[in-house]
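Side chains are part of it too, since the values below use all heavy atoms of this structure and drop only hydrogens, waters and symmetry mates. Chain letters run A, B, ... following the sequence lines, proteins first and then strands; every chain starts at 1.
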Amino acid sequence: MEPLQSLRGTVDLLPAQTPFWQRVEAVARDQFRRAGIAEIRTPLLEVTELFARGIGEATDVVGKEMYTFLDRGERSCTLRPEGTASVVRAVIQHGLLAQGPQRLWYGGPMFRYERPQAGRQRQFHQIGLEFLGFADPRSDAEAIAIAWDLLAELGLGGLALELNSLGSSDDRLRYRGELVQWLEGHRQQLDPDSQQRLSTNPLRILDSKNPHTQALLAGAPTLAAALAPESRERFERVQQALSRLEIPFVINPRLVRGLDYYSHTAFEITSSQLGAQATVCGGGRYDGLVGQLGGPATPAVGWALGMERLVLLAQAASDPAAFQAALPDLYVISRGSEAEALALPLARRARALGLAVELDLTAAAFGKQFKRADRCGARWAAVIGEAEASEGVVVLKDLRDPQGVDLRLSPEALLARLLA
RNA sequence: GCGGGCGUCGCCAAGAGGUUAAGGCAGUGGCUUGUGGCGCCACUAUUCGGGGGUUCGAGUCCCCUCGCUCGCCCCA
């Protein structure tokens, strides 16, 4: 019988990995708690139309990366490729905006059918933040600050915040026209990918990695110049707020977000230590999305962090000891049926008192059990052999002190001593 | 969807056509031990992701296939 494997682009997080994930999750949770941001959990499965309408039919994500299938009721379903559309859908569906602006976060798996590579899986995990009902430029800055501080809290270095403004949808439409017109005049000099994008998603040509295309773009009309005065002023105010928060940033006029719903502020936090998939956090403003999904016109801003990339960085940046699972306080060793019968309740009682207890269930030779006790890093060993069992006592050994004297104690006395 | 690299025991890893596929970790059994951390002995891949082919002979060469990995695209 051939053993089965996990699907391509999906991974098992083994016990050696999960402490890193838990640490990152704990830091994020605490950051959100202190910022007054509430968690929302939405289904992993949504009607396909949500993403088609929300993210944009022309995007790669919707066009060729979604896990879409018909369920038994012939409904077209899609495993969520990102979180924002679902959050917005839920907020509209439950009328949350009637209670005022919403400060929300979410986390969990997302699915995109892409070729896996470093920092990119088909099932990947994001933590995201959404501020709904906030138009003030300060909300852009605060959203960014929370991401920035979260990353700082994890001790990550080598991060850079890149910022741009895509302007209002009018600005963007106007600029798109200008850019396409200009690029049409230079079509022959564009790389094949960019020629393709000219008709599908021309703004993306701006962040092409092709050096010839980049050189050509030096002469192209800029997005910044196409911004209406109000848009420009808005962008200024976001920058001022960030400066006041002493968060360093670089304006990247080529920064364009891939999903259709973004407007005005767009940003990315990148790491120099990640290889090709350098973006740890990406986000921006999406004032049109709530309306587009059938809700009341509502300004909004948000971002998403890539957990896999974050964990990669956190793992590299930190002292491994900080990520170790807590060591057991007590390791219970027993041999012989009488002794084994006593060990089980002893472990349970110790746990009930708050101790971390590992119970050896192997019935192996004492030597083996001690070896495991030492290896697991437990502080104490409780040993019950046949003699102890018949006397109703337990031997307490200090595993950190090989010369130490063993104590023969009643179970009660042993527990009392460990708690002291 | 396109390109590069790789695929030997649970993990790490020698092995560059020729009789028996190193070693380390982990595991199991045993010796030693004041019931343990050290040390020592033994056992643990008829087989090199899978399938074809070349050859007197292939883990080592060729082809196909599967998988992993890195990059393009795209994105977090």
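- Residue A:E388 is in base contact, counting any heavy-atom pair closer than 4.0 Å across all strands shown.
- Annotation: B:G3 and B:C63 have their P atoms spaced 15 Å apart (nearest Å).
- A:E65 comes within 4.0 angstrom of sugar-phosphate atoms only, judged by non-hydrogen atoms across all strands, and of no base.
- Side-chain N/O atoms of A:S263 and A:S168 include no donor and acceptor closer than 3.5 Å.
- Across the protein-nucleic acid pair, A:Y286 atom OH and B:A76 atom P stand 13 Å apart, rounded to whole Å.
- Place A:D374 and A:V280 on RNA chain B by their nearest nucleotides, and A:D374 ends up nearer the 5' end.
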- Message: I'd like to compare against my own output: the B/S/- annotation of nucleotides 24-30 of chain B with a strict under-4.0 Å heavy-atom distance to protein.
- Response: --SSSS-
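- Residue A:R8 has its side chain nearest to B:U69 when only B:A76, B:U69, B:G36 are considered.
- Straight-line distance between the P atoms of B:C75 and B:G17: roughly 48 Å, to the nearest whole Å.
- Summarising the base pairing, B:A26 is matched to no nucleotide, lacking a Watson-Crick or G-U wobble pair whose two defining distances lie under 3.5 Å.
- A:V383 comes within 4.0 angstrom of a nucleotide base, judged by non-hydrogen atoms across all strands.
- Separating the CG atom of A:L206 from the P atom of B:C73 is a distance of 14 Å, rounded to the nearest angstrom.
- B:G30 and B:G23 have their C1' atoms separated by 23 Å, with the value rounded to a whole Å.
- Taking atom CG on A:L190 and atom P on B:C73, their separation rounds to 14 Å, with Å as the unit.
- With P as the reference atom, B:C68 and B:A76 are 24 Å apart, rounded to whole Å.
- Going from the C1' atom of B:C31 to that of B:A16 covers 42 Å, rounded to whole Å.
- On the C1' atoms, B:U46 is 42 Å away from B:C2, given to the nearest whole Å.
- As judged by a 4.0 angstrom heavy-atom cut-off over every strand, A:A373 is placed among residues making no nucleic acid contact.
- Phosphate contact (OP1/OP2 of B:G71, side-chain N/O of A:Q117, threshold under 4.0 Å): present.
- Using a 4.0 Å cut-off between charged side-chain N and carboxylate O, A:R254 and A:D207 make no salt bridge.
- Among the heavy atoms of the strands lying under 4.0 Å from A:G119 is at least one base atom, whether or not backbone atoms are also near.
- Per the geometry, CD belonging to A:Q121 stands 11 Å off C1' belonging to B:C68, to the nearest Å.
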- Derivation and outcome, side chain to side chain donor-acceptor pair (under 3.5 Å), residues A:T279 and A:E268: CA-CA 6 Å; A:T279 304; A:E268 277 182 14; 3.2 Å; yes
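- The separation between A:Q195 atom CD and B:C73 atom P is 15 Å, rounded to whole Å.
- Closest approach of A:R349 to A:P411, counting heavy atoms only: NH1-CB, 4.2 Å.
- Using a 4.5 Å heavy-atom threshold, the side chains of A:T265 and A:R234 count as touching.
- Rounded to whole Å, atom C1' of B:U35 lies 7 Å from atom NZ of A:K397.
- Under a 4.0 Å N-O distance rule, the pair A:R120/A:E308 does not qualify as a salt bridge.
- The shortest non-hydrogen separation linking A:A356 to A:L327 is CB-O, 4.4 Å.
- With both pairing distances under 3.5 Å, B:G1 is matched to B:C72 as a Watson-Crick or G-U wobble pair.
- With A:V332 as reference, A:V357 is the one residue of A:D360, A:L344, A:V357 to meet the side-chain contact (heavy atoms from CB on, under 4.5 Å) rule.
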Between protein and nucleotides 3-12 of chain B, what N or O pairs are separated by less than 3.5 Å?
unit_1 : atom_1 : unit_2 : atom_2 : d
B:G3   : O6     : A:R115 : NH2    : 3.2

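- Judged by Watson-Crick or G-U wobble contacts below 3.5 Å, the nucleotide B:G59 has no partner.
- One N or O donor and one acceptor, one from the side chain of A:R309 and one from the base of B:C75, sit under 3.5 Å apart.
- Using a 4.0 Å heavy-atom criterion, one finds that A:G385 contacts no nucleic acid atom at all.
- Remark: ring of A:F124 stacked against base of B:A76; centroid gap under 5.5 Å, plane tilt under 30°.
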- Message: What verdict does the side chain to side chain donor-acceptor pair (under 3.5 Å) test give for A:T84 and A:E130, after you've listed the backbone C-alpha separation in whole Å, the side-chain angles of each residue and the deciding distance to 0.1 Å?
- Response: CA-CA 7 Å; A:T84 301; A:E130 314 291 355; 2.7 Å; yes
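- A side-chain donor-acceptor contact under 3.5 Å links A:D191 and A:S194.
- With rounding to whole Å, A:R204 atom CZ is found 13 Å from B:C72 atom P.
- Look at CG on A:D398: it is 13 Å from C1' on B:G36, rounded to the nearest Å.
- Counted within 6.0 Å of OH on A:Y113, heavy atoms from surrounding residues, nucleotides or ligands total 12 or fewer; the atom is thus considered open.
- Comparing the C1' positions of B:C66 and B:G49 gives a spacing of 7 Å, expressed to the nearest Å.
- The side chain of A:V395 sits closest to B:U35 out of B:U35, B:G67, B:G37.
- Using a 4.0 Å cut-off between charged side-chain N and carboxylate O, A:D30 and A:R33 make a salt bridge.
- Taking the nucleotide of RNA chain B with the nearest heavy atom to each of A:K64 and A:A304, the more 5' of the two is matched to A:K64.
- Base pairing annotation: B:G37 forms no Watson-Crick or G-U wobble pair, as no partner gives both donor-acceptor distances under 3.5 Å.
- Using C1' as the reference atom, B:C48 and B:U60 are 10 Å apart when rounded to the nearest Å.
- Pairing of B:G67, defined by two Watson-Crick or G-U wobble distances under 3.5 Å, is identified with B:C6.
- A salt bridge is absent between A:E358 and A:R372: the closest approach of a Lys/Arg side-chain nitrogen to an acidic carboxylate oxygen does not fall below 4.0 angstrom.
- Between the base of B:C70 and the side chain of A:R120 there is no donor-acceptor pair shorter than 3.5 Å.
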